[in-house]
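For ligands, and for the atoms within them, numbers begin at 1 and follow the listed sequence. Just the heavy atoms: all of them, side chains too, but no hydrogens, waters or symmetry mates, feed the values below. We count residues from 1, following the sequence as given.
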Amino acid sequence: MDKNPLLTRTAELAAEYLARLPEQPVAQATDFADLVARLGGALADEGEDALAVIETFAKTAAPGLVATPGPRYFGFVVGGAVPASLAADWLTSTWDQNAGAYVLSPAAAAVEEVIRGWLLDLFGLAPEMSLGLVTGGTMANFTGLASARHALLKSVGWDVETQGLFDAPPITVVTSDESHVTIFASLQMLGLGRERVVRVATDAQGRMRPDALKAALANIHTPVLVCAQAGNVNTGAFDPLTEIVPLVRAGDGQARRWLHVDGAFGGWIAGVPNYRHLIAGVEEADSFSVDCHKWLNVPYDSGLVFVRDRAAHYAAMTLSAAYYVAGGADVRENHNWVPEASRRARGFAIYAALRSLGRNGVVEVVERCCRLARRLAAKLAQDPQVTILNDVVINQVLVRFTPRDGSDADAFTAAVMRRIQEEGTCWAGGTTWQGQHLMRCSVSNWSTTETDIDRSAAAMLACLHELNGETA
Ligand SMILES: *Cc1c(COP(=O)(O)O)cnc(C)c1O
């Protein structure tokens, strides 16, 4: 007998979705108002049968679902979900654990401690670094920068958590011209000001220039927070940490300095021997953020932050309400390392992903994506009307299309990209890079194959030729 027809049917719907995923059009034409109308209407007085709700919901939501977890979605930087992590995510909702406190879920606390050990080892980071599990790169950056704010102000005798920022001694934030928008969003939330920063110039690939950083630091006499990046969201390039670290450390002793590294997707390279040289020096960072919902391919939402100064991390995040009874000094209290109190046990999906992949599996997914990105770039570059704008160092490819009639290449690139999106074989988005409008492809999905890349490149070139008035 079926113990739970609702969940059995839901599992069937999920399996049908996953079976369709590789072949359904990646994006579909949708109309927002129409979706709202179909899903909405007045909230009924009487409830509906749960199974009927799910059946109807699966059908009405379908036109508004984008195949981002599928093998030919190259937009933004997203990943899919490796099977074990998806299954663990189902259990996470079923178990419905509150991961905030040890007494609410010893399993959630233990799993976060296990993940901390595994990843510090995989990434080659100091084993005593503290870890927070958050919703994504944005909150990981926020938490790392909050820890920095605590430590830097403490070094000049100011307790920012109790006193706030009014009348605090100044600290200086250094970013690059290419720091991710979420660094600035974090600064805006932390009261540090998204424009009250010193921006360091970058090179042609978007890497922070060490000479420019050196010159900037020479003029700063306050405690400094330097925000570096491992994996530029356009080019995939890495700030040269082996040169940046000694520049940051050179000033220690005068005023405290903190190096934060945003490795939302590029950070995974730290666990991949053939690529690790790109991120060498990260082991010297004071804080380091990485997304799991990108290259580890776990379901949304999932990000991590590691902090070297555990006391600063703790001071910036802990809750001090008397009713948050601690489980004891020898257990992990998850809420001490993140902004939230109650939250989902998102460690379970990370745990299952890491266990099912193993070290070699993580390496294999990252290396395969990089190899496929180079394959995509090479296929596209065979066409004289295509230019690849970046060095394809990891998984990012920047593409520009040239119109045959000599018209505006920005507008033409945007038009070809829209055509590719409508055509549905694959999906890539747009970006503006050093003044040019480009199509950006990110190969980040565990399930993408060579065939997917070849089909996608062919579809992209067919759209290009169609708009250039040639038949394929
Ligand atoms: C994606 C990304 C972020 C933001 O992460 P979210 O998970 O979207 O919050 C930050 N920095 C970089 C470099 C990224 O690629």
Side-chain angles (χ1 to χ4, degrees), residues 66 68-69 73-81 85 132-146 148 173 175-190 194 197 202 205-208 225-241 244 259-270 275 278-279 282 285 287-306 338-340 343-344 346 349-350 353 366 369-370 373 390 393-398 428-433 440-445:
V66 181
T68 51
Y73 187 84
F74 306 116
F76 303 90
V77 182
V78 304
S85 75
L133 274 78
V134 287
T135 48
T138 307
M139 290 316 290
N141 284 334
F142 173 87
T143 305
L145 300 190
V173 178
T175 68
S176 85
D177 282 341
E178 283 288 327
S179 293
H180 194 265
V181 287
T182 58
I183 290 289
F184 299 101
S186 299
L187 294 173
Q188 123 193 341
M189 291 189 280
L190 286 163
R194 66 167 189 255
V197 297
T202 52
Q205 296 297 318
R207 291 174 292 228
M208 185 187 275
L225 163 55
V226 176
C227 302
Q229 178 165 259
N232 179 290
V233 83
N234 285 311
T235 62
F238 289 70
D239 287 354
L241 297 178
I244 289 170
L259 176 64
H260 174 76
V261 175
D262 175 2
F265 65 102
W268 288 96
I269 289 294
Y275 288 85
L278 292 170
I279 201 175
V282 68
S287 50
F288 176 45
S289 45
V290 194
D291 258 328
C292 294
H293 56 221
K294 288 179 180 169
W295 233 345
L296 184 61
N297 281 264
V298 308
Y300 289 100
D301 39 25
S302 192
L304 306 170
V305 61
F306 298 93
V338 294
E340 300 91 354
R343 69 178 165 82
R344 176 176 186 75
R346 60 176 62 85
I350 301 171
V366 169
C369 288
C370 295
N390 64 318
V393 283
I394 51 169
N395 63 332
Q396 304 290 113
V397 184
L398 294 179
T431 189
T432 299
W433 170 250
R440 175 177 66 169
C441 304
S442 176
V443 185
S444 318
N445 190 291

In Å, rounded to the nearest 0.5 Å, how long is the span from OG of Ser179 to NE2 of His260?
-> 9.5 Å

Testing Asn232, Thr235, Thr202 for side chain to side chain donor-acceptor pair (under 3.5 Å) with Glu178, which one passes?
-> Asn232

Between the CG atom in Asp291 and the CE atom in Met139, the distance rounded to the nearest 0.5 Å is 12.5 Å

Answer with yes or no whether the side chains of Thr431 and Asn234 bring together a donor and an acceptor at under 3.5 Å.
-> yes

What residues, two or more places apart in sequence or in another chain, satisfy side-chain hydrogen bond (donor to acceptor under 3.5 Å, both in side chains) together with Tyr300?
-> none

Just wondering, do Trp295 and Ile394 contact through their side chains at under 4.5 Å, heavy atoms?
-> yes

Within the 4.0 Å heavy-atom cut-off around ligand 1, the contacting residues, ordered by chain and number, are Gly136, Gly137, Thr138, Asn141, His180, Thr182, Gly231, Val233, Asp262, Ala264, Phe265, Asp291, His293, Lys294

